[in-house]
There are 2 protein chains.
Amino acid sequence: MTTVLVCDDAPLAREAIRRAVGAVPGVERVTAAGSGEEVLARFPIERPDLVLMDVRMPGIGGVEASRRLVAAHPDAAVVMLTMGEDPDGVARAVSAGARGYIAKDASREEVAATVALALAAGREGPAARAQRVRPTGAPPALTEREQQVLDGMSRGKSNAEIGRELYLSEDTVKTHARRLFRKLGAADRAQAVALGFRWGFLR
Amino acid sequence: MTTVLVCDDAPLAREAIRRAVGAVPGVERVTAAGSGEEVLARFPIERPDLVLMDVRMPGIGGVEASRRLVAAHPDAAVVMLTMGEDPDGVARAVSAGARGYIAKDASREEVAATVALALAAGREGPAARAQRVRPTGAPPALTEREQQVLDGMSRGKSNAEIGRELYLSEDTVKTHARRLFRKLGAADRAQAVALGFRWGFLR
DNA sequence: GACTCCGTCACCCGAAAGACTGAAGTCTGA
DNA sequence: TCAGACTTCAGTCTTTCGGGTGACGGAGTC
């Protein structure tokens with residue numbers, strides 16, 4: 001009986017992850033919690049084989065919850081959920097006992113693979129996975145132009161249209177766009193917009 | 001002395017709107033508030049010629065704030081800021097005394113034009129502008145495939161990559177993408193991602 | 001049975017995007 | 001004063017995107 005406990009304060013994300021994890025072969029039961037405190041309270045009762053926990057939550061965050069959980073139950077397997085907004089937190093969580101992490105922008109397949117790995121692995125060294133943490137510690141600092149270009153992208157404007165709005169040439173907009181992509185780690189404007197929302201540059 | 005009071009709980013959006021409004025000819029002073037309550041408190045003191053207020057805010061939302069403001073000060077000119085997520089709320093706000101609304105995905109020019117119009121107009125009938133509210137009251141219903149394609153887009157995947165993830169041909173992905181754009185009213189994948197976040201399909 | 005919606009795939013086409021350079025002006029801060 | 005960031009623009013190149021259109025099978029509906 002392999003059970004997984006998913007913890008995220010956002011109901012939508014929680015259910016999405018539940019579905020993804022539920023599809024992993026070998027996982028019979030997936031339960032959900034809405035806070036780190038709830039995980040600490042329920043872990044001794046449910047004894048899940050794996051805890052998937054969001055890094056950022058109200059109350060004690062995922063990092064502190066992971067630390068306390070592993071301190072109280074050294075056999076607990078914790079995998080952090082992150083959306084790249086807090087790589088330092090992930091690093092601390094991993095060093096505090098989490099077995100790995102999954103980026104929330106990962107595909108369903110990647111989630112499944114990571115969960116399966118975490119379940120299968122005898123405690124793999126945290127260092128191995130900690131390397132996957134993004135090197136950029138702080139939220140990227142966007143210049144005003146980059147912010148404006150990002151904003152235009154989110155409104156479905158082409159580079160030429162953004163240029164006309166800002167009284168710039170299309171080439172200049174493309175230059176700002178390229179640097180924007182580098183800073184955000186985006187492959188294209190669609191991902192840039194997604195990361196813009198997650199970093200709070202857009203809303 | 002024409003002054004405009006901008007109210008939005010998000011500092012970034014607030015500043016962006018401030019800048020846009022500040023560029024409108026005839027506007028000498030733009031002040032900013034962070035909540036509906038703050039607007040109600042400051043309006044009698046500052047007596048701005050126009051209040052730009054976000055529909056959705058913590059505490060009393062823009063609708064209720066607009067209603068109370070106009071009830072207390074019938075000469076108050078309120079224009080709602082919306083991002084299309086709550087057309088009913090806009091309609092109620094307009095019927096409750098708001099003079100119009102501006103979509104947040106509007107261009108700077110559109111913002112300027114609407115502000116100038118709201119300032120210049122003797123009280124135009126609310127009905128005239130209320131028609132601009134999007135006819136689609138409910139969030140668009142996305143099929144599972146469209147949701148999956150949207151998700152892939154938000155992760156920066158190309159259509160071909162999404163196709164490989166979902167075991168589909170690139171052409172099929174493009175078909176789903178095209179229908180997705182139609183449903184969301186998006187011009188391209190970047191705007192589709194933005195609308196996906198605003199409708200809650202992505203997070 | 002007719003109709004509609006979804007999912008699948010294919011073709012063509014022009015427009016746009018994004019990567020790669022190089023360069024020059026402004027402005028700030030060490 | 002000088003380094004460095006920001007901003008501006010330009011060129012070339014390949015890839016991708018998005019629109020238009022058509023098609024076929026299946027599921028559900030009227």
Side-chain angles (χ1 to χ4, degrees), chain A residues 105 107-108 135-196 199 201-202, chain B residues 12 15-16 19-20 23 105 107-108 136 138-196 199 201-202:
Chain A
D105 58 358
S107 67
R108 187 166 289 215
T136 57
L142 300 190
T143 69
E144 185 169 4
R145 283 306 195 195
E146 287 160 354
Q147 170 76 43
Q148 289 167 339
V149 169
L150 177 61
D151 184 72
M153 288 177 176
S154 76
R155 300 199 315 278
K157 304 298 181 189
S158 70
N159 290 332
E161 286 171 329
I162 296 170
R164 280 193 290 276
E165 280 188 4
L166 301 175
Y167 303 103
L168 298 176
S169 78
E170 180 181 350
D171 286 311
T172 302
V173 175
K174 290 173 85 168
T175 299
H176 290 306
R178 203 170 340 107
R179 285 202 265 262
L180 175 66
F181 295 160
R182 286 223 173 282
K183 284 187 180 177
L184 292 175
D188 55 30
R189 55 218 283 127
Q191 192 179 15
V193 167
L195 295 170
W199 283 112
F201 296 121
L202 297 171
Chain B
L12 241 77
E15 286 314 305
R19 280 197 300 274
D105 56 0
S107 68
R108 187 165 290 215
T136 57
L142 300 190
T143 67
E144 185 169 3
R145 283 306 195 195
E146 288 160 353
Q147 170 76 46
Q148 289 168 338
V149 169
L150 177 61
D151 184 73
M153 288 177 176
S154 76
R155 300 199 316 277
K157 304 300 182 186
S158 70
N159 290 331
E161 287 171 329
I162 296 171
R164 282 193 288 276
E165 280 188 3
L166 301 175
Y167 302 104
L168 298 175
S169 79
E170 180 182 351
D171 286 309
T172 302
V173 175
K174 290 173 82 169
T175 299
H176 290 306
R178 214 170 324 113
R179 291 176 184 162
L180 175 67
F181 294 159
R182 286 223 172 283
K183 284 187 180 178
L184 292 175
D188 56 30
R189 51 182 55 219
Q191 192 179 15
V193 168
L195 295 170
W199 282 113
F201 296 121
L202 298 171

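Numbered from 1 within each chain, the chains take letters A, B, ... in sequence-line order.
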Strictly below 4.0 Å: does A:Thr172 bring a side-chain N or O up to OP1 or OP2 of D:dT7? no
Treating primed atoms plus P, OP1 and OP2 as sugar-phosphate and everything else as base, which nucleotides of nucleotides 15-30 of chain D get B, S or - for protein heavy atoms under 4.0 Å? --SBBBB---------
Spacing of B:Ile162 atom CD1 and B:Arg155 atom CZ [to the nearest 0.5 Å]: 7.5 Å
If the condition is side-chain hydrogen bond (donor to acceptor under 3.5 Å, both in side chains), which residues does A:Thr175 pass it with, not counting sequence neighbours? none
Identify, with sequence neighbours excluded, every residue that meets side chain to side chain contact (heavy atoms under 4.5 Å, CB included) alongside A:Ala160. A:Ser158, A:Arg164, A:Glu170
Outermost DNA chain C nucleotides near chain A [under 4.0 Å, heavy atoms]: C:dA16 to C:dT21
Audit row: B:Met153, B:Leu180, side-chain contact (heavy atoms from CB on, under 4.5 Å) steps and yes/no: CA-CA 11 Å; B:Met153 288 177 176; B:Leu180 175 67; 4.2 Å; yes
Among pairs that include at least one residue of residues 183-194 of chain B, which meet salt bridge (Lys or Arg N to Asp or Glu O under 4.0 Å), considering only residues two or more places apart or in two chains? B:Glu146-B:Lys183
Tell me: CG of A:Leu168 to C1' of D:dA10, nearest whole Å? 14 Å
Step-by-step side-chain contact (heavy atoms from CB on, under 4.5 Å) determination, A:Leu168 to A:Arg145: CA-CA 10 Å; A:Leu168 298 176; A:Arg145 283 306 195 195; 3.9 Å; yes
Atom-to-atom span, NE2 of A:His176 to C1' of D:dT8 - whole angstrom: 7 Å
Would you say A:Ser169 reaches D:dC9's phosphate, i.e. side-chain N/O to OP1/OP2 under 4.0 Å? yes
If you measure from OG1 on B:Thr172 to CG on B:Asn159, what distance do you get to the nearest 0.5 Å? 11.0 Å
B:Ala192: which residues meet the side chain to side chain contact (heavy atoms under 4.5 Å, CB included) condition with it, sequence neighbours left out? B:Leu150, B:Phe181, B:Leu184, B:Ala186
A:Arg145 CZ to D:dT8 C1': how many Å, rounded? 9 Å
Rounded to the nearest 0.5 Å, what's the gap from NE2 on B:His176 to CD on B:Glu144? Could you check? 10.5 Å
Which atoms form the tightest heavy-atom contact between B:Ala194 and A:Ser154, and what is the distance? CB-O, 3.3 Å
Donor-acceptor under 3.5 Å (B:Gln191 side chain, B:Ala187 main chain): yes
Based on the rotation axes of five pairs at each end, what angle does the helix from C:dG1-D:dC30 to C:dA30-D:dT1 bend through, to 10°? 60°
